[in-house]
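Below: one structure, written as structure tokens.
These figures come from a predicted structure and were not determined experimentally. Position 1 is the first residue of the sequence, and the numbers go up from there.
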Amino acid sequence: MINIKENEKLSILNHSCAHMLAQAVKRLYPNALFWVGPVIEEGFYYDIDLGDKVLTLDDLELISKEMKKIVKEDKLIKRLELSKEEALSKFQDDPYKIDLIENMDDSEIISAYTQGEFTDLCRGPHVNNTKLLKYFKLLKVSGAYYKGDSNNKVLQRIYGICFETEEDLNNHLNFLEEAKKRDHRKLGKELDLFMMSEYGPGFPFFLPKGMILRNILENYWYDEHTKEGYEFIKTPIMLNRELWEKSGHWENYRENMYTSSIDEKDFAIKPMNCPGGMLVYKNSLHSYKDLPIRCGELGQVHRHEASGALNGLFRVRTFTQDDAHIFMREDQIEDEIIRLINFIDRVYSVFGLSYDIELSTRPIDKYIGTIESWNKSEAILQNACHIAGHECKINPGDGAFYGPKLDFHIKDSLGRVWQCGTIQLDANLPERFDLTYIDSDGSKKRPIMLHRVIFGSIERFIGILIEHFAGAFPLWLSPVQINVIPVNNEYHLEYANKIKDLLKENNFRVELDDREEKLSYKMRESQTKKNPYTLIIGDKERDNNQVSYRKHGTNETITLSIDEFVTILKEEVDSKKLN
């Protein structure tokens, strides 16, 4: 998936198209007023005040037709440079533009761009004429608060995208259509995985089949971490205000925390697992021989997200982080990070997820520790990447205030990028919580600490997997692995039940569809439910102690003995084979 903002040519094209959108809107709705129309990763948008007019998809079609007229008019796009006084005069009838101009320095040269009768504020650059903007598409319209403030008026935000060629535009529109089919909110409902309720916005409910998927993922997580030498803990979901003051969350994250009062003392539901992990480390004395200590926790956290930002499982108000905190000596850092990168690589490969690594370095202003210690930590992270066989892109200045980090950006089957895994060096919490270990000379030393997640959060990772696999999970992950369908209940149900019981005895997840419906209907529904295997049980299968199966997404029916079928299933589950 292309990021429009990171492609200079497409960024210019899309920003120019945003102006053409505004010009078309102004022609159709002369009283329209305009706020901003920036380029975003997915194209562009423009926030517009249309008074009481609420745009529909039909209106977008009218606007698109007017934009196509402007393309054919071949309007030259010219840059203007204005003084602040001139700009205030030129845009005197648009309070939104006046607001932008008044926040500029008096000495600043203000640029605007003109095409035909339409002029708009903009730093640019733009394309030279409107005929270069012919391959565009308006995608949707939604509401957006002026300046993003819920106390302000709701403007109408029109989204669109523009490409250089018709082929590129069509490819992108096909991609959007495929992404729409894979929408985890839609598939989550169709496959009975999870639900949302107005009684708890942002608080997902996992349904029985969703819990099967979730438990499989969590059990896999525990198994793999056990192999890697992790120990596991569970920390309380609510802790005293004093702890959050010590960790710095009360001062820096208070507005995102849910709080309560117990015994006349302030408490907060944890937004992060880290402070509880610090208390577990401090619970006992540690020797240099004990390190590294790898401590894992599937910890549920709560964060107050704005209602407008909530999005299925991708943005929720409660989620389970697959946290781990690793405490180590300084001489162990590089080996531990290399081991961790290899571990993350192994986990992602199981799901068929490729990834890129990004190294976020010291912030320019707000950071703790010396520049020398930051440079050393950044070099260790970068070198560990190279030794593990990976390159890392530098993301300057985007580290946390307490240390640099490696971010893992996974790519799904559509090429979309998701930030999931993180390895974060932390010099802050060990200091705040006075964490120590006894060194070989008997002195107290401060351990080096790593925060890390692999899934990021269980909920979001499930959402990503739903879309990555389009709901057709590999056999080992699928909530229902086999659907057994007797051709005729009167003659085949007994044998179908025998097959179901035998498969269950072999620890497979099986459903039997014995409804009095046509075989073709039940087969289609089994495909819709994306069951990996559908068994058809008729005379031949019953009489020869066989099964006939059809794999999801194919029309081929294969007949073999039940023992052979069980062997195929076991091999596929044990190898965690991808579809």
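Looking only at distances, a side-chain donor or acceptor of R509 sits under 3.5 Å from a matching main-chain atom of S478. A donor-acceptor contact shorter than 3.5 Å links the side chain of R432 to the backbone of K246. Remark: side-chain polar atoms of N240 are not paired, donor with acceptor, to backbone N or O of F267 under 3.5 angstrom. Within the 3.5 Å criterion, the main-chain N or O of F433 finds a donor-acceptor partner in the side chain of K282.
Counting heavy atoms from C-beta outward, E228 and R294 have side chains that stay 4.5 Å or more apart. Residues F319 and V301 form a side-chain contact, since some pair of their non-hydrogen atoms from C-beta on lies under 4.5 Å apart. The shortest distance between side-chain heavy atoms of I4 and E41 does not fall below 4.5 Å.
Using a 4.0 Å cut-off between charged nitrogen and carboxylate oxygen, D574 and K570 do not count as a salt-bridge pair. Salt-bridge formation is detected for the pair R185/D183: a Lys NZ or Arg NE/NH1/NH2 atom is positioned less than 4.0 Å from an Asp or Glu carboxylate oxygen. The pair R329-D439 does not count as a salt bridge, with every side-chain nitrogen at least 4.0 angstrom from each carboxylate oxygen.
Within a 6.0 Å sphere centred on CD of E178, other residues, nucleotides and ligands contribute more than 12 heavy atoms. Counting heavy atoms of neighbouring residues, nucleotides and ligands inside a 6.0 Å radius, atom CD of E330 does not exceed 12 of them. The environment of I262 atom CD1 is dense: over 12 non-hydrogen atoms of other residues, nucleotides or ligands sit within 6.0 angstrom.
Between Y258 and H302, the ring planes lie perpendicular to each other; the angle is over 60°, past the 30° to 60° tilted range. Ring-plane geometry between F351 and F461 is classed as perpendicular, the angle between the planes exceeding 60 degrees on a 0 to 90 degree scale with a lower cut at 30. Between H325 and H451, the angle of the ring planes goes over 60°, which puts this pair in the perpendicular group of the 30/60° scheme. Between F408 and Y355, the angle of the ring planes lies from 30° to 60°, which puts this pair in the tilted group.
Residues satisfying the ring pair (Phe, Tyr, Trp, His ring centres under 6.0 Å) test with W250, not counting sequence neighbours, are none.
Nearest heavy-atom pair, V547 versus I562, reported as atom, atom and distance to 0.1 Å: CG1-CD1, 3.9 Å. Residues F205 and S197 come closest through the heavy atom pair CE1-CB, 3.7 Å. Nearest heavy-atom pair across E572 and S575 is O-OG, 3.4 Å. Summarising the geometry of D192 relative to K209, their closest heavy-atom pair is O-CB, 3.5 Å, with the distance given to 0.1 Å. Closest non-hydrogen pair, P474 versus L578, comes out as CG-CD2, 4.1 Å. In plain terms, the two heavy atoms of K530 and A472 that are nearest each other are CD-N, 3.6 Å.
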Item checked: Chi angles and distances behind the salt bridge (Lys or Arg N to Asp or Glu O under 4.0 Å) call for E511, K529 -> CA-CA 12 Å; E511 285 187 349; K529 292 293 185 181; over 6 Å; no
Note to self: Run the side-chain contact (heavy atoms from CB on, under 4.5 Å) test on Y220 and W476 for me, step by step, so that the C-alpha distance in whole Å, both residues' side-chain angles and the decisive distance to 0.1 Å come before the verdict.
What the structure shows: CA-CA 10 Å; Y220 169 73; W476 73 280; 4.3 Å; yes
Notebook entry, point to check: Run the side-chain contact (heavy atoms from CB on, under 4.5 Å) check on I337 and L406 step by step: do they pass?
Noted result: CA-CA 10 Å; I337 292 172; L406 294 175; 4.3 Å; yes
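For the salt bridge (Lys or Arg N to Asp or Glu O under 4.0 Å) condition, the pairs that include at least one residue of residues 251-275, sequence neighbours left out, are R241-D266, K270-E297.
No close placement of the W244 and Y253 rings is indicated, their centers lying 6.0 Å or farther apart. The aromatic ring centroids of Y533 and F565 lie less than 6.0 Å from each other.
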